[in-house]
Structures are given as C-alpha cells and as structure tokens.
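Step one of this worksheet: look at the structure below.
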Amino acid sequence: MKAARAKTPRRPALKKPPAPGPKDPVGVYCRVRPLSRQDQECCIEVINETTVQIHPPDGYRVFRNGEYRETQYSFKEVFGTLVVQKDVFDVVAKPLVEDLIRGKNGLLFTYGVTGSGKTHTMTGSPGDGGLLPRCLDMIFNSIGPFQAKRFVFKLDDKNGVDVQCEVDALLERQKRDAMPVPKTPSGNRRQMDPEFADMINVQDHCKVDEVDEDNVYSVFVSYIEIYNNYIYDLLEEAPFELIKPKPPQSKILREDQNHNMYVTGCTEVEVKSTEEAFEVFWKGQKKRRIANTQLNRESSRSHSVFIIKLAQAPLDADGDNVLQEKEQITLSQLSLVDLAGSERTNRTKAEGNRLREAGNINQSLMTLRTCIEVLRENQMYGTNKMVPYRDSKLTHLFKNYFDGEGKVRMIVCVNPKAEDYEESLQVMRFAEMTQEVEVARPVDRPLCGLTPGRRFRNQAFREELARKLEMRGGPVNGETEEQSASEIFLQNFPPLPSCELLDPNDDQTLPKLIEVLEKRHKLRQMLSEEFAKNVLAFKTTLQEFDSSVISKENYIQGKLSEKEKTIAGQKMELERLEKKIKTLEYKIEILEKTATIYEEDKRNLQQELESKSQKLQRQASDKRRLEARLQGMVAETTMKWEKECERRVAAKQLEMQNKLWVKDEKLKQLKAIVTEPKNEKPERPSRERDREKPVQRSVSPSPVPPSSNLITQVPSSQRLVSNPQVHRRSNSCSSISVASCVMEWEQKTPSHKHTGGTSNARSRQQEPEQSRDYNTSDRRRGMCWTGVIEVPRRRDELEIEEDQCCRNAPPVRLRHRRSRSAGERWVDHKPPSNLPTDTVMQPHVPHAITVAAASEKALAKCDKYMLTHQELASDGEIETKLIKGDVFKTRGGGQAVQFTEIETLKQESPTGRKRRSSPSNPDPPEDAADSEWTDVETRCSVAVEMRAGSALGPGYQHHAQPKRRKP
Ligand code: ADP
Ligand code: MG
C-alpha cells in the first residue's frame, strides 16, 4: 500500500543549495520525571546541570553476563525532578518564541518512552501548563497590541500568505459573524472549558523585548496527528455521524516554493488570544481522544504536531494600514511535536490489530533515527549520503529544518524507574547522537525600508484629531458616531404605513403613503442640509488643522534648521577639539620619547658615575697600601741608618781611643826610656809585657773591636764566665787593660793553667802567622758585619785585637782551620720554625748534616756551618738569610764558628722593584764596583774595607734570585 502511493517527484532544479551560513547543533535537553511511587527503584541520577548517570537496576547483571556499568550522558542542560515547567520553558522554548517573532522557524519535540512525561512537558497537566500554552501566552503578550484585524492576513492553500484590504477583511468578518456555528469567545476565561482553563493560567507575563511595532501580526494554528504513517487534521470540521462514523481522511504532504513541507488542505485557524488558541488545540485534543476510543487506537502510538504560524507585514508609510505587498509578508512557524512513545513493539504487548500500528510507529521513529545518523555522518565525515526523509511522514514533514534552516530543540524525557532502564538507555544514546547534528542558523529577514515609528505617529495623529473634534462638539469616536447617526436616522424616519392595496377604491393608503414619503423627503432634505453643513464644518476644521500643521511644520523646520546650525557648530568644535587632541597626542608622544632618551642618558651617567667612584675607591685603597708600605720602608731605613750612625760613632770613638791608647803607650815607652835609660834588656813586645805586668797597665781605655761581626761557639761554661766580663768592658769602657782581663780570666780557670803556658805560648807563636793568614784570607773572603748580636770573645781574640789595634788594623782572631783538601763538610742548621718557600731554585748543600738545632756533635764533624734564618721584610715578603761560617776547634776542646757571610734570599715580583743585580745586564762596566757584585767573596772584602769609611750603607742586601753561590 505504501509502495503504491505515488510520491511527489523530486525536482532537483529547485533544490535549495545547503545553507552556507553558520550552523548550530541540535539543542538536546533531558528531563527526568519523578518516580510515580516512592518505593520504586531508581536507575537514573542527575549528576550536575549537564550530566545524567544511568545504571542498571538490581539483578540486571545476572541477565547481561556481567555487563554491569554506569554510564553518563551529557546534554545541553539536564532538568531534574524538581525543575518546574516555567524553568523548562525559559531555557528551551523562550528562544524559539523570540525567533518566531523575528520571523525565524523553530522545531521543538519531546522524545521518550510512554509515561516518561512527554505530554506533561509539551502540553502540561491540569493546573500546570506545559510549553505549548506558555509559548502561546508569550506570543500574544508580545504581539498583543500590534495584531492585525481578523482576515487581514489570509493563508493560501500552498503554505503561503496573502494580505487583503480592510474592506475585504471586513466582509469576511461579517460573513463569519453570520455563520450559525458558535464563535470562539476571544479572551474570556470565564467561558473557557474548565478542563484546560487552569493550564493556561500563566501568571508570568513573559514577552519578547524587541517586537517591531511598525508591523502587524496574525497567528494561525493547526493541529495534526501522524498515526500509522497517516496524517490527520485534528481541526477539520467534519459532519459527525453517530450511527456510522466515517474514518477521518488522511492528508498529504507537499513542498512549497520555499522548499518547506506542508500538509495540504490542513485547517489553519486564525487566533487572537492565548485562550482562543488553546481552545482550538483542546478541540483537536478531544477529537484525537474520541478517534482513539472509537477506532480502538493506542494513543501513545501517535505523534501530535501543533503548528503555530505567525504572519507579519509592515504598516504603510502613514502607519495606518498594512502594506499591500505580498513580498513584505513574513511567515514563520513554530512546530511543537509530542512524539509517540519510543519503546519497542514487544514491550507494548501490542497484539493483533495494534501490532501493525506499533510496528509503523516504531518505523517512523526508526526513520527519524536513521535520518539523524546519516545527517551526522555526512556532517562529520563530509560524505554526501542521501538522508531518507521521505521514508516516513514524520521526517518528511520536518525535512526542511534539517537540510534547510531553523532552530531545532529536543527534550528527552526519561522515567527513572527500573523497568524503563533498557528503553531509557536507547533514548539516551539516540539523544546524544542527535546533539552532534548541526542545523543552519536562520538568517534575519530584510527590513522593509520604511521609516520606523509609523504606528506611533499615526496614533498620535488620531488622538489629536479626536480631541479637535470633541472641542467642536462633533462626534468623539468614529465608530460610536456612525452607530448613533444611523440609529437617529432610522428613528427620525416616520414608519411606513402598510402599502397593500386590497381595494381598488382604497383612497387612503396612497395619500398616507404620499404623506409619509413627503415627510421622509423633508427629513432627508433636512439631514442632507445638516450633512452639508457638517461637511463644511469638517472641511474648515480640516483646513484649520492643515494650516496649523503647516505652521507647526514651519516652526519645526525653523527649529530644525536652528538645531542643524548648532549641530554644525558643534561638529566644527568637535573637529577642532579632535585636531587639538591629535596635536597634543603628538606632543605627548614626542615628550615621552624625549623622556625615554633622558632616562637612558641618566642611566648611562649613573653607570659611569658608579664605575668612576669604584675606580676612585680602588685608587684610594692602592694609595693607602702604598703609603703603608712606604712608611714601613722609611721606618726600616731610618732604623738602619740610626744603627749605622751609632756604629760609626762607636767606631770613631774606638779609633780615637786606640789612637789615644797607642799614644799613651808610646808615651809610657818614652817615659820608660827616659826613666830607665840604662836598661840593657832587649825590648819585648808590648803584649808580653802586658801579660807579665798586668797590674801596671795603663788605665787608658782598651781598644774595642769596631763591631761584633763574630759569633763564637764556645763551651757553655766558658761562655758563661766570659760574657759579663766582655760586656762590662765593652759597655763601660773601663780603664782595665785587655792584658789584665786575660790574666784575670786565666787565673779563674785553673784547669788551663797547667798546660796553659806552653799551649798559650805555642799558640801565641802561631798567632801572628795565623792572624796574618786570617787577615789575608778574611780580606779575600770578606767578613759579614751586619749581625746585630754583641758576641762574647775569647781571650786570644782580644789579644790579637790588641795587636791589631797597635798595628791599626781591623781585629782578627786566631783560629784553627781544617784543610780544604779534606773536602768541606757542612752543618745545615734549619730551625723548625722556618717556612718552606716555593722558589724554583733552592739552596742545596751536598754532604751536609741537616740539624734543627745547633749541636756540638755535628759541629765536631764538620768544618762549615750554615744557618737558614727567615724573617718578614718590610714589604711583607719572607726574607731568607743564609748565614754561613767556618767551624774551628777551640783550645778548650769546644767548637767555634766564625761567620763569614750572609746571603739574603728574597722573593720578589719580577715586574716589581728594579733588581740591583740583573741577569739581563750581563756585561756591566768594570768600574761600577758598587753596583756590580759578582760573588760573596768580593762583597765581603768590600764589606771589610768599607769599615774604614765606605759610603755604602749598612743595609746593603744581596738579592738572591739572580746569583746564588753554591757553598
Ligand atoms: P508520556 O506523554 O510520555 O507518555 P505523560 O506526560 O503522559 O507521559 O506522563 C505520564 C504521567 O506522569 C502523567 O500523569 C504526568 O502527570 C506524570 N508526569 C510526567 N512528568 C512529570 C513531571 N515532570 N512531574 C510530575 N509529574 C509528571
Ligand atoms: Mg503522551
């Protein structure tokens, strides 16, 4: 049967290209109804505003092989059991109504299993109106004052709309009024069916904010049912036969020139209020129920579609009448669909006759599913599969919403009871998939091009006219005046007598009629005169009004020109100020730039200042260090020179004393010669004489050696005794002669007395030789006299000194020397306090006995001694002094060391002080004796010679780096 039905052939040429504009996904909302009994098991929970969680009921796992799991589904918004109808309406339907009034199409449908609350959501329950009555209410609240008079808009049979003139509309209205069928009482709630009265009792006067006031609007509603893939018009007025009711005629679908689908021949009722519209809907609802009962139909198996069409057209330029242009009319529609239950056939327990129906219903929902799936696939993967809209009436009817444009919203209703679990799961899956389908966003309709505010101006004009007329005593209201005039007119005319002429001789009827007619004629003349007068009056009023309008216009023109002038002036001022702003901005920019440059300069200068101050600080600290160093050097030099001066003074004194002593001696000798002229005894050397006659010695001061350049290593017993004597003598410069001192010393040491004579004599004989030898050797090897220690001296030394003094030579002492041919053996005395230096070239002494403290044992084995002494120089460097000397055996059996040289080793920076003995100067002039020092020997000899008055200072130091003589 279905296959046999001829389908409208497709017209590809007319196919509208897919809308290129922006697209919006299908808005899918979920509403969870409360459980009907509190003790029922619940399997759906609302997690948050957008998510629901569905879990299988208890025991479900047993059947499903452990497939137990909770699943979450997300929607645009989820309405829990406590969400009221108004909230659902505000979120879901309000935007659709706004779109409708702005001339855009919308589709809203509820989907879910039977009993999940689809009808409750869409239509509502008694006392709790659903989306449908709320939508109607909002529409009429918004367009209420701008509605067109009935029949101004006229829907044609091709889903189009026409506008007709006021007269035609009036005629149609009269025709409708003349019809015997009772009219819908517009806007009277008291007369409404109490069945639904409380469903449209919507308190909140919801309305669209921006309604075009210069448009006139008309609402048309139609209500259809799709059952068993047949479309039935629920508003069709059909003669109802009680005895044998005819089955309702199904309708067919067609596509209009805008590619919208419509039901041909469907009743569309123009409604002027919410109540009227809902009454129409309720009539259809009743009819549906009757049909269901009479035809034994399952009501939940049908889809119901309530279509609200809104026609709107702009007012003409006067703002008085609708613009009579078809192109200017906009027709938008909102379809509210309450779908059939989505449950599967077996669940409904449909049998026999109903089984097919159920199958078909499922089929149309299945087609809807397939269409959505294909659409989604096409959109997601860019495929171009054909969407099978035509496979069911339901999908075919709404085809244009999906491949054309419009806003589509779906409310998925679910019952959280356990029995519905599986069906609810299917519903959720379908709903989630639907969200991924996108629908082209409807475009805004073009503007009509007439100046806005026309309606308002027209109203103002009418009010002004009425006021003027009232002032002149004329009729106030056009309509009431019309009525009263006609009434007066009819009342003023005398009633016509009976005009029947029953008798040919009747001579009364005609004269009476003539009389009445004459009266009427007179009255008519009177009235026409009055009318003419009125017309004249009206004309004058109009002219006056015209002139006043003109004068007002002139006045307004003047005002306008004035205002225009002011505006122009202000514009100029504005321009001037803008220019000023621009120049100021430019200046600010320049100033900012300059500021940044200056800041940079400042930064640079600050940096420079910092670096300079750092440099200055560095220099100051350098200066301080240099000062300290110089002060140290000055102090050192001063000290040295002071000592040198003292020494020289002492030397000079000694010299003078010696001279004095010599003169004294000479005088004595002379005196002796003079007093004992006859003494034949050969003259003995004065020394011997001194020894024999120590007591007779002169009291003249004995000569003292010029400096203590000798450190004598003596047995401690001897040293202890001799020390105070020497000191006393040298320090006090007493008059006791050297010889007497020696005598005294010899008497105090009786152990030496016995052998003393011979040994002394022997040694005395050797002495002159040795002293001479030493003298020459010393002269050759040089003597270091920079030591600061006052050294105690032995008697023999003193004797030699006496001789030396007599001979006016530097004091030399008698000593033993080991033969050089035996090979020199050294005692290397290194005190443990010495610090190791990092100098590359270190003094090395072969065959040395290294000792930490001077030991007599070691000295006995060696003939050379070297003491390594360290001290801190004035410049902070360690100065190492190698004090060298020869070891002698003393007569007492001890060891004596005669220091012969001091070698100073000093570390210096190569770039520092200028070296006195530089290796870079290999061939210095021979005569520069004071600056060229070749070896210790030369230096020492010079040092000794210097004693006699060299100009060289005492602090002369040999800087050891370039030349170090190996011992
Ligand atoms: P459907 O149309 O899906 O078959 P109905 O709308 O007829 O289901 O709902 C079945 C019953 O559940 C009705 O009695 C209705 O009053 C009730 N109901 C549905 N949804 C709600 C809800 N959100 N709040 C209260 N009652 C509801
Ligand atoms: Mg229902």
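First listed ligand is number 1; within each ligand, the first listed atom is number 1. For this chain, numbers begin at 1 and follow the sequence in order.
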Give me the nearest non-hydrogen protein atom to [atom] as residue plus atom name, then the distance to 0.1 Å.
{"atom": "atom 7 (O) of ligand 1", "value": "T119 CB, 4.0 Å"}
{"atom": "atom 19 (C) of ligand 1", "value": "G117 CA, 3.4 Å"}
{"atom": "atom 21 (C) of ligand 1", "value": "H120 CD2, 3.3 Å"}

**Prompt:** Could any protein non-hydrogen atom be found less than 4.0 Å from atom 14 (O) of ligand 1?
**Reply:** no

**Prompt:** Considering all protein heavy atoms, does one lie under 4.0 Å from atom 11 (C) of ligand 1?
**Reply:**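 True for atom 11 (C) of ligand 1.
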
**Asked** Of all the atoms in T119, is at least one N, O or S atom closer to the Mg ion (ligand 2) than 2.8 Å?
**Response** yes

**Prompt:** Is any side-chain heavy atom of V271 less than 4.5 Å from a side-chain heavy atom of F220?
**Reply:** no

**Prompt:** Under 3.5 Å, N or O to N or O, is V32 touching ligand 1 that way?
**Reply:**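 N/O-N/O distance below 3.5 Å does not exist for this pair.
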
**Message:** Applying the salt bridge (Lys or Arg N to Asp or Glu O under 4.0 Å) criterion to E236, which one of K283, K287, K251 satisfies it?
**Reply:**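 Filter result, single survivor: K251.
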
**Close approach of S116 to ligand 1, heavy atoms, under 4.0 angstrom** =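 Per 4.0 Å heavy-atom rule, S116 contacts ligand 1.
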
**Request:** Decide whether the shortest distance between a heavy atom of G115 and an atom of ligand 1 is less than 4.0 Å.
**Result:**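 A heavy atom of G115 does come that close to ligand 1.
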
Is a salt bridge present between [X] and [Y], judged by a nitrogen-to-oxygen distance below 4.0 Å?
{"X": "D444", "Y": "K104", "value": "yes"}
{"X": "E276", "Y": "R150", "value": "yes"}
{"X": "E377", "Y": "K385", "value": "yes"}

For ligand 1, does [X] get within less than 4.0 Å through its side chain, its backbone, both, or neither, judged by non-hydrogen atoms?
{"X": "D338", "result": "neither"}
{"X": "S125", "result": "side chain"}
{"X": "P34", "result": "side chain"}

**Complete:** Note: ligand 1 atoms sitting under 4.0 Å from heavy atoms of T114 are 4 (O)

**Message:** Only heavy atoms of V113, strictly under 4.0 Å: list the atoms of ligand 1 that pass.
**Reply:**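 Checking each atom against V113, I get 3 (O).
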
**Asked** Between R288 and W282, is NZ or CZ placed under 6.0 angstrom from the six-membered ring centre and within 45° of the ring axis?
**Response** no

**Asked** When you measure from the side chain of T293 to the backbone N and O of R289, does any donor-acceptor pair fall under 3.5 Å?
**Response**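 Present.
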
**Asked** Taking the side chain from R33 and the backbone from G117, do they hold a donor-acceptor pair closer than 3.5 Å?
**Response**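 Checked: no pair found.
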
**Request:** Count the heavy atoms belonging to other residues, nucleotides or ligands that lie under 6.0 Å from CD of Q53, then report whether that count exceeds 12.
**Result:** yes

